[in-house]
Asker: 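For reference, the structure I am asking about is given below.
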Amino acid sequence: MTVVFRPRPSVVRRDSGLYGYERALGRRGLGPVAGVDEAGRGACAGPLVIAAVVLGERIDGLDDSKLLTASRREALYERITATARATAVVVIPPGEIDRRGLHRSNIDGMRRAVARLSCDPGYVLTDGFPVPGLPAPSLGVWKGDQVAACVAAASIVAKVTRDAMMIALHERHPRYGFAVHKGYGTADHRRALGAYGPCPDHRFSFSTVARSGAGEVMSENEVGAGTV
């Protein structure tokens, strides 16, 4: 008969701080703990970026990347990448999202990000929902980027990486204003889609793009010729 070891459950109080999960799992011998999060899930243009982070030293000021200013995110990004035990980033382009679907692409990207870490995690915390098929025990944590330090760090790495990519896309497709809205379906973005149609970096499986006339995709030269 095979005996499966199951660690005693730990209770993580809401007031235990951002490092409560890591401390509780560490006490059960389940470290190091990797956090995984994504950026760009709700955007209708640009890639989906997924990051996995195993923190090293304690970093004060971590939070959900969406709640931080751009300058604060960038400062924390530099600190995270300089001191983390391991980081990994997976970039999923719009075409792959269209072919495979957003959720499937996200799940697969999270698996790939964890597999690329330079150390083997003893436990994985993912933001929002469970991810099957990870190489270690795992838990999906509701609003994980606000309650678990490693997930908050992953959200920052993913968002700073993706924001830089969207600013670069703005140089190629200035009509859409990617540097401002980062590919999300803002009113200005929808107006640009209505006026110019989608570019090759839009997600054609998204209804916002489909409604804009996705059958008439502008070429790289046509899109790059205009200004915002």
Side-chain angles (χ1 to χ4, degrees), residues 34-53 64-66 86-118 120-121 124-145 150-151 153-170 172-173 176 178 181-186 189-190 192-193 196-220 223:
V36 188
D37 201 3
E38 51 75 25
R41 181 180 176 88
C44 61
L48 178 68
V49 176
I50 299 155
V53 175
D64 175 1
S65 63
K66 297 182 291 297
T87 62
V89 173
V90 169
V91 177
I92 301 178
E96 184 174 340
I97 295 170
D98 288 337
R99 288 192 304 272
R100 306 187 67 196
L102 178 64
H103 186 67
R104 183 179 177 187
S105 296
N106 195 13
I107 292 290
D108 182 62
M110 288 184 168
R111 294 186 188 121
R112 288 158 58 190
V114 173
R116 290 182 186 180
L117 289 169
S118 59
D120 295 328
V124 180
L125 299 176
T126 57
D127 184 45
F129 51 84
V131 176
L134 292 171
S138 63
L139 177 68
V141 182
W142 176 248
K143 293 189 180 298
D145 46 11
C150 57
V151 180
S155 78
I156 291 167
V157 171
K159 182 160 177 57
V160 171
T161 300
R162 186 177 186 277
D163 282 358
M165 297 178 72
M166 296 308 296
I167 291 169
L169 279 182
H170 178 82
R172 293 170 55 192
H173 309 305
Y176 300 99
F178 289 147
H181 53 66
K182 308 302 189 293
Y184 288 88
T186 64
H189 190 184
R190 292 195 301 272
L193 274 169
Y196 308 118
C199 75
D201 289 291
H202 278 96
R203 301 177 186 176
F204 297 97
S205 56
F206 279 46
S207 60
T208 303
V209 178
R211 286 195 300 266
S212 71
E216 298 180 4
V217 182
M218 299 185 75
S219 70
E220 296 281 347
V223 175

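Worth saying up front: this structure is predicted, and the values here are computed from it rather than measured.
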Asker: Checking R112 now: which residues fulfil salt bridge (Lys or Arg N to Asp or Glu O under 4.0 Å) with it, not counting sequence neighbours?
Answerer: E96, D108
Asker: Under the rule for side-chain hydrogen bond (donor to acceptor under 3.5 Å, both in side chains), what residues qualify as partners of S205, not counting sequence neighbours?
Answerer: D98
Asker: Just how far is it from atom NZ of K182 to atom CD1 of I167, taken to the nearest 0.5 Å?
Answerer: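 K182 atom NZ to I167 atom CD1 measures 5.0 Å (nearest 0.5 Å).
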Asker: Please answer whether the main-chain N or O of P47 pairs with a side-chain N or O of R162 as donor and acceptor at a distance below 3.5 Å.
Answerer: yes
Asker: Evaluate the side-chain proximity of M165 to V91: yes if any heavy-atom separation is below 4.5 Å, no if none is.
Answerer: yes
Asker: Evaluate side chain to side chain contact (heavy atoms under 4.5 Å, CB included) for I92 paired with I97, printing each intermediate quantity in order.
Answerer: CA-CA 7 Å; I92 301 178; I97 295 170; 3.9 Å; yes
Asker: Roughly how far, to the nearest 0.5 Å, is NE2 of H173 from SG of C199?
Answerer: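 Here the interatomic distance stands at 4.0 Å.
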Asker: Looking at side-chain heavy atoms only, is the closest gap between R190 and T208 below 4.5 Å?
Answerer: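 They are in side-chain contact.
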Asker: At what distance, to the nearest 0.5 angstrom, does CD of E38 lie from CG of D127?
Answerer: 7.0 Å
Asker: Side chain to side chain contact (heavy atoms under 4.5 Å, CB included), that's the test. Do V49 and V90 meet it? Break it down for me.
Answerer: CA-CA 6 Å; V49 176; V90 169; over 6 Å; no
Asker: Any chance you could measure F129, atom CZ, to N106, atom CG, to the nearest 0.5 Å?
Answerer: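 Result: 4.5 Å between the selected atoms.
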Asker: With side chains defined as the heavy atoms from C-beta onward, is the minimum distance between T126 and L139 less than 4.5 Å?
Answerer: no
Asker: Tell me the closest heavy-atom pair linking M166 and A45, and the distance in Å.
Answerer: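 Closest approach of M166 to A45, heavy atoms only: CE-O, 4.0 Å.
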Asker: Of all the heavy-atom pairs spanning P121 and A136, show the shortest one and how long it is.
Answerer: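 It is O-CB, 3.4 Å.
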Asker: Mind checking what makes salt bridge (Lys or Arg N to Asp or Glu O under 4.0 Å) contact with D163, not counting sequence neighbours?
Answerer: R73, K159
Asker: Could you pull out all residues at least two apart from D145 that satisfy salt bridge (Lys or Arg N to Asp or Glu O under 4.0 Å)?
Answerer: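 Expected list: K66.
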Asker: Tell me, with the steps shown, if I156 and S65 meet side chain to side chain contact (heavy atoms under 4.5 Å, CB included).
Answerer: CA-CA 5 Å; I156 291 167; S65 63; 4.0 Å; yes
Asker: Are H202 and F178 near enough that their ring centres are under 6.0 Å apart?
Answerer: yes
Asker: Answer yes or no: is there a side-chain heavy-atom contact under 4.5 Å between P132 and R111?
Answerer: yes
Asker: Not counting sequence neighbours, which residues clear ring-ring contact (aromatic ring centres under 6.0 Å, His included) with Y184? List them please.
Answerer: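 For Y184 there are no ring-ring contact (aromatic ring centres under 6.0 Å, His included) partners, ignoring immediate neighbours.
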Asker: Quick one: side-chain contact (heavy atoms from CB on, under 4.5 Å) partners of A86, sequence neighbours excluded?
Answerer: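 Scan of A86 (side-chain contact (heavy atoms from CB on, under 4.5 Å), adjacent residues dropped) gives V54, L117, S118, C119.
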Asker: What distance separates I107 CD1 from L102 CG, expressed to the nearest 0.5 Å?
Answerer: 10.0 Å
Asker: State, to 0.1 Å, how close R116 and A88 come at their nearest heavy-atom pair, and which atoms those are.
Answerer: CB-CB, 3.7 Å
Asker: Once rounded to the nearest 0.5 Å, what's the spacing between atom CG of D37 and atom CG of L125?
Answerer: 11.5 Å
Asker: Side chains of V131 and V36, heavy atoms from C-beta outward: is any pair under 4.5 Å?
Answerer: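 Side-chain contact under 4.5 Å: no.
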Asker: Does any N or O in the side chain of R203 come within less than 3.5 Å of the main-chain N or O of G46, such that one atom is a donor and the other an acceptor?
Answerer: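 Answer holds: yes.
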Asker: If you take all heavy atoms of S212 and P198, which pair is closest and at what distance?
Answerer: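 Reported closest heavy-atom pair: OG-CD, 3.7 Å.
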Asker: Can you give me the closest heavy-atom contact between Y176 and G197, atom names plus distance?
Answerer: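 Looking at all heavy atoms of both residues, the closest pair is OH-O, 2.5 Å.
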Asker: Are the side chain of R41 and the backbone N or O of L48 linked by a donor-acceptor pair below 3.5 Å?
Answerer: no
